[in-house]
J.: 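Shown below is the structure under consideration.
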Amino acid sequence: MGQGRSRRRGGTSPPSSQGVGSGVDLALLPLELLVLILSWVPGRALVTRGRLVCRQWRDLIDGPALWKLQAERDPSKREALGAALEAARHCPRMEWARVGVLQPFGRNLIRNPRGEDQFQHWQVGHGDSICLRDNTCWISQLVDLVKEGLWEDLLDAFQPDIFVSDWWGTHEKCGCTYNLYVLLLTGDKTSVIARFVTEVDPAEEWNVPFQQASHVFRKYGPGARYLRFQHIGNRPGPEHTEAHITNSTVLVKLSG
């Protein structure tokens with residue numbers, strides 16, 4: 001007596017795509033307007049939360065339309081969008097949610113390519129800087145191709161081109177040598193699928209600032225999951241000379 005009875009509608013709940021606190025059922029919106037609204041949501045939130053809302057949202061997030069809208073509004077993403085659209089011409093099974101967030105095409109997959117910030121992301125051996133000293137020095141980085149945004153079916157079936165590049169040079173007559181080693185590895189990180197090794201003749205004198213070493217891995221076969229990027233240099237004598245390395249690059253693109 002005197003106690004109010006709590007009333008609830010049993011078995012009912014708001015649609016999963018209804019705007020929280022807004023009273024607007026997004027499922028009733030025209031598809032074009034829904035895509036436009038979702039395109040303003042940060043990419044990672046779309047993938048980690050938006051795809052779980054309903055099948056319609058999942059299909060939109062897995063398609064290219066809203067990612068195109070995001071890239072068109074952000075100049076920093078336009079180059080990656082162009083590379084992704086070009087890749088989509090050759091790969092009908094494009095994972096747009098993955099591409100939209102991680103942007104694996106048209107982006108340098110080498111982290112800290114100039115060796116700054118105390119060589120973060122690099123392994124350094126026998127030397128105290130990215131300049132090669134003390135007779136021999138090496139720096140190395142292991143790139144996880146799947147973690148950077150590619151996927152196994154793409155790597156195995158379509159085998160996108162992998163462009164690698166490095167710039168090096170010296171400032172004086174020194175006889176330094178420089179070698180770039182790039183290995184495509186399987187999932188065990190040790191088995192080699194393809195390799196590129198360049199050996200530059202000892203430099204009698206370098207009056208130009210830098211020279212480029214580059215290669216494109218193409219039609220390398222299935223199984224590639226990692227890329228080992230390593231440069232090794234040495235000098236013939238105890239005199240203080242240096243081989244400078246900068247702008248290490250790994251780019252992925254699909255070609256016809």
Side-chain angles (χ1 to χ4, degrees), residues 8-113 121 143-163 224-225 227 247 249-256:
R8 296 174 58 185
R9 294 181 180 180
T12 62
S13 60
S16 58
S17 58
Q18 183 172 338
V20 178
S22 66
V24 177
D25 187 352
L26 298 182
L28 301 178
L29 294 176
L31 185 62
E32 295 79 4
L33 184 55
L34 178 59
V35 170
L36 178 61
I37 292 172
L38 290 178
S39 73
W40 288 97
V41 179
R44 291 190 180 276
L46 285 172
V47 173
T48 59
R49 299 182 182 182
R51 291 184 81 257
L52 304 178
V53 172
C54 64
R55 181 176 297 178
Q56 183 189 40
W57 283 34
R58 183 197 64 193
D59 292 343
L60 291 176
I61 293 168
D62 287 347
L66 65 85
W67 300 107
K68 290 180 182 179
L69 289 174
Q70 283 197 352
E72 289 169 358
R73 287 195 296 263
D74 186 349
S76 66
K77 295 181 179 180
R78 288 175 187 169
E79 183 177 354
L81 171 64
L85 292 175
E86 176 64 22
R89 294 178 58 245
H90 308 285
C91 177
R93 299 191 294 272
M94 182 70 70
E95 295 190 9
W96 280 103
R98 189 176 187 87
V99 170
V101 174
L102 299 176
Q103 300 178 16
F105 302 108
R107 172 176 67 88
N108 188 0
L109 302 186
I110 289 288
R111 302 193 178 193
N112 189 17
H121 305 298
V143 179
D144 186 333
L145 298 174
V146 174
K147 185 177 180 180
E148 292 296 334
L150 305 173
W151 55 98
E152 294 182 357
D153 179 56
L154 176 80
L155 290 167
D156 293 343
F158 296 94
Q159 298 170 27
D161 292 350
I162 302 177
F163 170 79
R225 298 295 181 266
L227 181 144
N247 290 339
T249 301
V250 173
L251 292 174
V252 177
K253 67 176 183 177
L254 277 165
S255 60

J.: Can any side-chain N or O of Q70 pair as donor or acceptor with the backbone N or O of P42 at less than 3.5 Å?
T.: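 Looks like no, no N/O pair under 3.5 Å.
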
J.: Within this structure, what is the CZ-CG distance for the pair R51 and D59, rounded to the nearest 0.5 Å?
T.: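 Between atom CZ of R51 and atom CG of D59 there are 9.0 Å.
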
J.: Which pair of non-hydrogen atoms, one from D62 and one from W96, has the smallest distance, and what is that distance?
T.: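 Scanning both residues, the minimum pair turns out to be O-CB, 3.4 Å.
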
J.: Between atom CD of Q103 and atom CH2 of W67, what is the distance when rounded to the nearest 0.5 Å?
T.: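 Q103 CD to W67 CH2: 9.0 Å, rounded to 0.5 Å.
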
J.: Mind listing the closest non-hydrogen atom pair of V99 and A84 along with its distance?
T.: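 Taking every non-hydrogen atom into account, CG1-CB, 3.7 Å.
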
J.: Less than 4.5 Å apart, side chain to side chain, heavy atoms only: is that true for L155 and V146?
T.: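 Side-chain contact under 4.5 Å: yes.
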
J.: So which atom in R98 and which in L150 form the shortest heavy-atom distance, rounded to 0.1 Å?
T.: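 Looking at all heavy atoms of both residues, the closest pair is NE-O, 3.0 Å.
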
J.: Answer whether the closest heavy-atom distance between the side chains of D153 and E95 falls below 4.5 Å.
T.: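 D153 does not reach E95 side chain to side chain.
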
J.: What's the shortest heavy-atom distance between A83 and G106, and which atoms?
T.: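 Result for this residue pair: CB-N, 3.8 Å.
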
J.: Is there side-chain contact between P160 and V252, with heavy atoms separated by less than 4.5 Å?
T.: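 Counting from C-beta outward, P160 and V252 do come under 4.5 Å.
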
J.: Working to the nearest 0.5 Å, report the span between CG of D144 and CG of L109.
T.: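 Spacing of CG (D144) from CG (L109) equals 10.5 Å.
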
J.: State the OG1-CZ distance between T249 and R107, to the nearest 0.5 angstrom.
T.: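 Answer for the OG1-CZ pair, T249 versus R107, is 12.5 Å.
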
J.: Locate the shortest heavy-atom distance separating L52 from T48; write the atom from each residue and the value.
T.: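 L52 and T48 have their closest heavy atoms at CD1-O, 3.5 Å.
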
J.: Distance from W57 atom CH2 to L46 atom CG, nearest 0.5 Å?
T.: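 Going from CH2 on W57 over to CG on L46, the span is 8.5 Å.
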
J.: I'd like to know whether CZ of R44 has more than 12 heavy-atom contacts from other residues, nucleotides or ligands below 6.0 angstrom.
T.: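 No.
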
J.: Would you give the length of the straight line joining atom CG of L33 to atom CG of L38, rounded to the nearest 0.5 angstrom?
T.: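 Interatomic distance, L33 CG to L38 CG, rounded to 0.5 Å: 9.5 Å.
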
J.: Looking only at non-hydrogen atoms, find the nearest pair between I162 and L145 and report the distance.
T.: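 Looking at all heavy atoms of both residues, the shortest contact is CD1-CD1, 4.3 Å.
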
J.: Determine, for R225 against D156, whether the closest basic-nitrogen to carboxylate-oxygen distance falls under 4.0 angstrom.
T.: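 Salt bridge between R225 and D156, a charged N being under 4.0 Å from a carboxylate O: yes.
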
J.: Heavy-atom count around R73 CZ within 6.0 Å, excluding the residue itself: above 12?
T.: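 Yes, the 6.0 Å shell around CZ holds more than 12 heavy atoms from other groups.
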
